Structure formats: structure tokens, C-alpha cells
Amino acid sequence: IDQKSQVMFKLWDSIYSQEEFNKEISEVDGFLYLFNDDKYLMTASATALDAIIHKKYVFTLSNPAIDSLLSDYPYVIRAENISDLVIKINEFSENKKIEAIDNGYIDRFLLTNPLNSDVNVVNKWLS
């Protein structure tokens, strides 16, 4: 990690509290995901949902699972390789604010929502 970079980051040396997490999330423009296709070919990381829930931009390398999970999320910036991603991040303007996102859109990803299709699939597997 380049400590002198203009990219803000937070490192925790232990498990963070929900309050710490929410505070840090409120101060960032987006999430950076570099998921490896070998590990995330058929499954997407739940951390990608944090970007939706907290209404943040997603900067990511193209990945089938993440592309599927975030297919209709309007604030995804995809790149095919690291060099392309670097260019897109450097071109990103802090003035690009996220417009209001309907809470109904976010609610469909919550595990507490009985209409969440992923929860329904897991419940069927468990029954």
C-alpha cells in the first residue's frame, strides 16, 4: 500500500465495529474490487452488496459473477485489466455524486427481505 497515495484507505488490525465501518464508508467515494475469476467465477462476494447498501460507486475488473450481481446497479465502473482500471479511477471526478437510489432497489438485496431471491434459494436448499 502506497501510504503517500491520494487514495484514502483504512486498515484495521482487528475486527471493526459496525460504527467504525459505517464511519469509514461514509468518507469514501467507492469500493474497489479485484475479484479473481478462479475464485469468483460462479459466486459473487457479498462485499459487493456493501456498495449497493451504502450507495457507493463500484470500481471493478470485469468478472462474470460480479457483473451478474451488479448488472442493473447504475454506479459500476468496469475495466478489462488493471491498466484500464487505473485510467478510469484517475478520470473519476469527486463531483460524480450518486443520485437518489430507491430504497426498494436496495431492499431486494437485504437478507431480511423475504422477497430476496438468494434467501429463497438457500431456504429451499435447507428445507
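Fair warning: this is a prediction, and the values are worked out from it, not measured in the lab. The basis for the numbers below is simple: all heavy atoms, side chains too, and nothing from hydrogens, waters or symmetry mates.
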Should [X] and [Y] be counted in the same cluster of Ile, Leu, Val, Met, Phe, Trp and Tyr side chains packed under 4.5 Å apart?
X: Ile82; Y: Val76; result: yes
X: Ile53; Y: Tyr33; result: yes
X: Phe59; Y: Ile87; result: no

With sequence neighbours excluded, tell me which residues meet side-chain contact (heavy atoms from CB on, under 4.5 Å) with Lys88.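 Only Ile77, Ala79, Asp84 meet the side-chain contact (heavy atoms from CB on, under 4.5 Å) criterion with Lys88.
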Which value, rounded to the nearest 0.5 Å, describes the distance between Tyr75 atom OH and Leu70 atom CG?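 Interatomic distance, Tyr75 OH to Leu70 CG, rounded to 0.5 Å: 13.5 Å.
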Just how far is it from atom CZ of Arg78 to atom CG of Leu85, taken to the nearest 0.5 Å?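 Here the rounded value is 12.0 Å.
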Applying ring-ring contact (aromatic ring centres under 6.0 Å, His included), can you list everything that pairs with Phe21, at least two apart in sequence or on another chain?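 Checked Phe21 against ring-ring contact (aromatic ring centres under 6.0 Å, His included); matches are Tyr16, His54.
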Can you tell me if Glu20 uses its side chain to pair, donor with acceptor, with the backbone of Ser17 under 3.5 Å?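 Pair found, side chain donor or acceptor close to backbone of Ser17.
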Under the criterion side chain to side chain contact (heavy atoms under 4.5 Å, CB included), which of Leu61, Ile89, Val58 is the partner of Leu32?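 Answer to the side chain to side chain contact (heavy atoms under 4.5 Å, CB included) test with Leu32 among Leu61, Ile89, Val58: Ile89.
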Are the side chains of Phe31 and Thr60 in touch, meaning some heavy atoms are under 4.5 Å apart?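 No, too far: nothing below the 4.5 Å cut-off.
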How close do Lys56 and Ser26 get, heavy atom to heavy atom, and via which atoms?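 Shortest heavy-atom separation between Lys56 and Ser26 comes out as NZ-O, 3.7 Å.
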Applying side chain to side chain contact (heavy atoms under 4.5 Å, CB included) to Ile52 and Tyr73, what does each step give before you reach the verdict? CA-CA 8 Å; Ile52 293 172; Tyr73 187 61; 3.8 Å; yes
Ionic contact status for Glu27 with Lys23, cut-off 4.0 Å: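 Glu27 and Lys23: salt-bridged.
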